[in-house]
Amino acid sequence: MGMRIVRESPYRVRIEREGDMRVPGVVFASRALLPDPVTDRSLLQVVNVATLPGIVVASFAMPDVHWGYGFPIGGVAATDVDAGGVVSPGGVGFDISCGVRLLAAGLERAELSGRVLQKLMDELGRAVPRGLGRRAVWPLAGRAQLERVLAGGSRYAVEQGYGTPRDLERCEDGGAVGGADAAAVSARAMERGLGQLGSLGSGNHFLEVQAVSEVHDEIAAKAFGLGPGQICVMIHSGSRGLGHQICTDHVRAMEKAMRRHSISVPDRQLACAPAGSPEGRAYLAAMAAAANYGRANRQLLTEAARRAFRGVCGTDLELVYDVSHNLAKIETHRVDGTARRLCVHRKGATLALPPRHPDLPEDLADVGQPVLIPGSMGTASYVLAGVAANPAFNSTCHGAGRLHSRHQAAKAVSGRELRDRLEGAGIAVRGASWRGLAEETPEAYKDVDAVVAAAEGAGLCRTVARLVPLGVVKG
DNA sequence: ATGTTC
């Protein structure tokens, strides 16, 4: 595979356009973080995405890029909707609207004794349904109520008493994506969604109690409601079986429709359809529904965490922000000096709105959007902020990025061993399965500090605060 | 990520 890679700056390389590529590839990575094009398939995936109909500017990869289904995880691709640009379910991923929310407690690290932390973790462990299966904080009454969740997201959850109107001001899209249509969601996806609302899931999903260890930008941190030593809760979860089923259903439908649209792709996992075609619109409507399910899910998990904090510590949790890192959005951007309507796919890439962006709440206009970066288990997490002149359609990294497969990880360490190591380091662990724990060993991930430094160095965002884990409830 | 294989 002879791709030509040119380093343009310490945190940016270009993959030269050749063959069927419509645009070049651009990878934001230091030398150390750049995947090996020979042993790692993720740069080949960046090249494959560059062939998609309607793609503009470049096929981008964030510093935490790794191999995924069709598109790389850590990929950003924008297509011109009014020029036949496509939408691809593989460009969003199976866990539609997977994302992160951060809550700030009215409590400092010094005020949380080891004994109280253990009690809090026990309570959170009880209150947070997790792992594979069908348990939920909110068992829905039936299909009609699920349809209201799919249309209203966190907004509907708050209307039903799960949270406060203030929460919605700190949610991307005000807590609900427009254009959701339950008619585009299969009966099977609906069935899977009925019993899982308010559950963490498995894999890299978690709920952590964290403390702010470093403040890099005092003004932005203050605007976000964060200070040194502050106790926080970070929730990383998505749209569970419902989002997964929607992805499966629409990949299948697009595979069938591609020939009719005269589209051919180098990898069948890149199945896609013009964003304006019936198949493209159906996917976008179902994707929006799954996005709203994912947001409502994190809203429900928030309420579970709030109950635990009130019960054990007598303190409340204020929402800092909720942002997705697996989503496609129709956005307007200037391309070659002209405003274009683009379908921006972010898969393992986080929206990072700059200061003054109209979608920001008023009180964050001066500092930009909070960007929440979950680290691997036992390592730091970050709060970043969006910056002006982002070169990748207002996107940045989404996490540490996997380095080794789940299988490799589980071979390297046992779950019990890992739990003991984390507990020994003062991190309380409430897991779901030993195998799941082992698969998430931090050795299987890139260095989140290096990923964030690269993202900042590449001009994708700026660092606001670093957080360290005190306790983890693991899916 | 995922009722971890339609």
Side-chain angles (χ1 to χ4, degrees), chain A residues 42 45 64-75 88-100 129-136 139-140 146 185-207 235-253 255-256 268-269 271 283 286-287 289-291 293-295 297-298 301 324-328 345-350 374 376-377 398-411 415 431-440 444-445 474-475:
Chain A
S42 57
Q45 294 189 314
D64 49 337
V65 63
H66 59 285
W67 180 86
Y69 179 90
F71 287 59
I73 296 163
S88 174
V92 171
F94 276 88
D95 194 1
I96 297 166
S97 204
C98 179
V100 182
R130 60 193 186 279
L132 290 170
R134 38 186 308 129
R135 291 161 297 171
L140 294 167
L146 178 54
V185 179
S186 68
R188 198 171 187 186
M190 295 291 280
E191 276 166 35
R192 291 179 70 172
L194 269 172
Q196 295 186 325
L197 190 60
S199 65
L200 201 56
S202 62
N204 63 0
H205 290 166
F206 66 72
L207 182 150
I235 298 170
H236 180 202
S237 186
S239 52
R240 308 289 281 105
L242 178 131
H244 191 277
Q245 189 64 47
I246 285 171
C247 181
T248 302
D249 293 339
H250 288 263
V251 163
R252 204 165 293 159
E255 277 176 347
K256 284 189 193 148
R268 64 179 296 189
Q269 295 185 350
Y283 171 68
M287 181 207 71
Y293 187 92
R295 282 110 189 269
N297 193 33
R298 290 193 289 273
L301 292 167
S324 162
H325 49 233
N326 280 7
L327 204 64
H345 301 73
R346 295 185 184 86
K347 178 189 190 177
T350 316
S376 55
M377 193 167 50
H398 88 302
R402 192 170 268 281
L403 203 55
H404 304 308
S405 70
R406 298 192 166 279
H407 185 69
Q408 281 174 297
K411 271 201 310 195
S433 79
W434 293 118
R435 166 85 194 190
L437 209 59
E439 287 178 351
E440 290 298 316
Y445 282 86
K474 193 65 185 163

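Letters go in sequence order (proteins before strands), and every chain restarts at 1.
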- Query: Hey, does A:Gly243 reach any base, or is it just sugar-phosphate, or nothing, if we go heavy atoms under 4.0 Å?
  - Reply: nothing
- Separation of atom CD1 in A:Ile73 from atom C1' in B:dT2, rounded to whole Å: 13 Å
- Query: Starting at CZ of A:Arg188 and ending at P of B:dT2, how long is that distance when rounded to a whole Å?
  - Reply: 16 Å
- Query: To the nearest angstrom, how far is A:Arg252 atom CZ from B:dC6 atom P?
  - Reply: 9 Å
- Query: How close or far is atom P of B:dT2 from atom CG of A:Asn297, stated in whole angstroms?
  - Reply: 10 Å
- B:dT4 phosphate, OP1 or OP2: any side-chain N/O from A:Ser202 under 4.0 angstrom? no
- Query: Between A:Arg406 and B:dT4, does any side-chain N or O lie under 4.0 Å from OP1 or OP2?
  - Reply: no
- Query: Any donor and acceptor pair, going by atom type alone, linking the side chain of A:Asp64 with main-chain N or O of A:His398 inside 3.5 Å?
  - Reply: yes
- Message: By the 4.0 Å heavy-atom rule, please label A:Gly93 as base, sugar-phosphate, or nothing.
- Response: nothing
- Partners passing salt bridge (Lys or Arg N to Asp or Glu O under 4.0 Å) against A:Arg252 (at least two apart in sequence or in another chain): none
- Item | Geometric class of the A:His236/A:Phe206 ring pair [parallel <30°, tilted 30-60°, perpendicular >60°] | perpendicular
- For A:Gln245 and B:dT5, give me the distance from atom CD to atom P, rounded to whole Å. 15 Å
- Message: What is the distance, to the nearest angstrom, from the CG atom on A:Asp95 to the P atom on B:dT4?
- Response: 15 Å
- Task: Report which part of the nucleic acid A:Gly238 touches: base, sugar-phosphate, or nothing (heavy-atom distance under 4.0 Å, all strands).
- Result: nothing
- Distance in angstrom units between A:Tyr293 OH and B:dT2 P, rounded: 11 Å
- Task: Calculate the interatomic distance between A:Glu191 atom CD and B:dT2 atom C1'; express it in whole Å.
- Result: 16 Å
- Please figure out whether A:Phe94 or A:Glu439 has its closest DNA chain B nucleotide nearer the 5' end. A:Phe94
- Note on the structure: salt bridge (Lys or Arg N to Asp or Glu O under 4.0 Å) filter on A:Arg346, not counting sequence neighbours, yields A:Glu331
- Intermediate values then yes/no, side-chain contact (heavy atoms from CB on, under 4.5 Å), A:Leu437 and A:Met377: CA-CA 9 Å; A:Leu437 209 59; A:Met377 193 167 50; 3.7 Å; yes
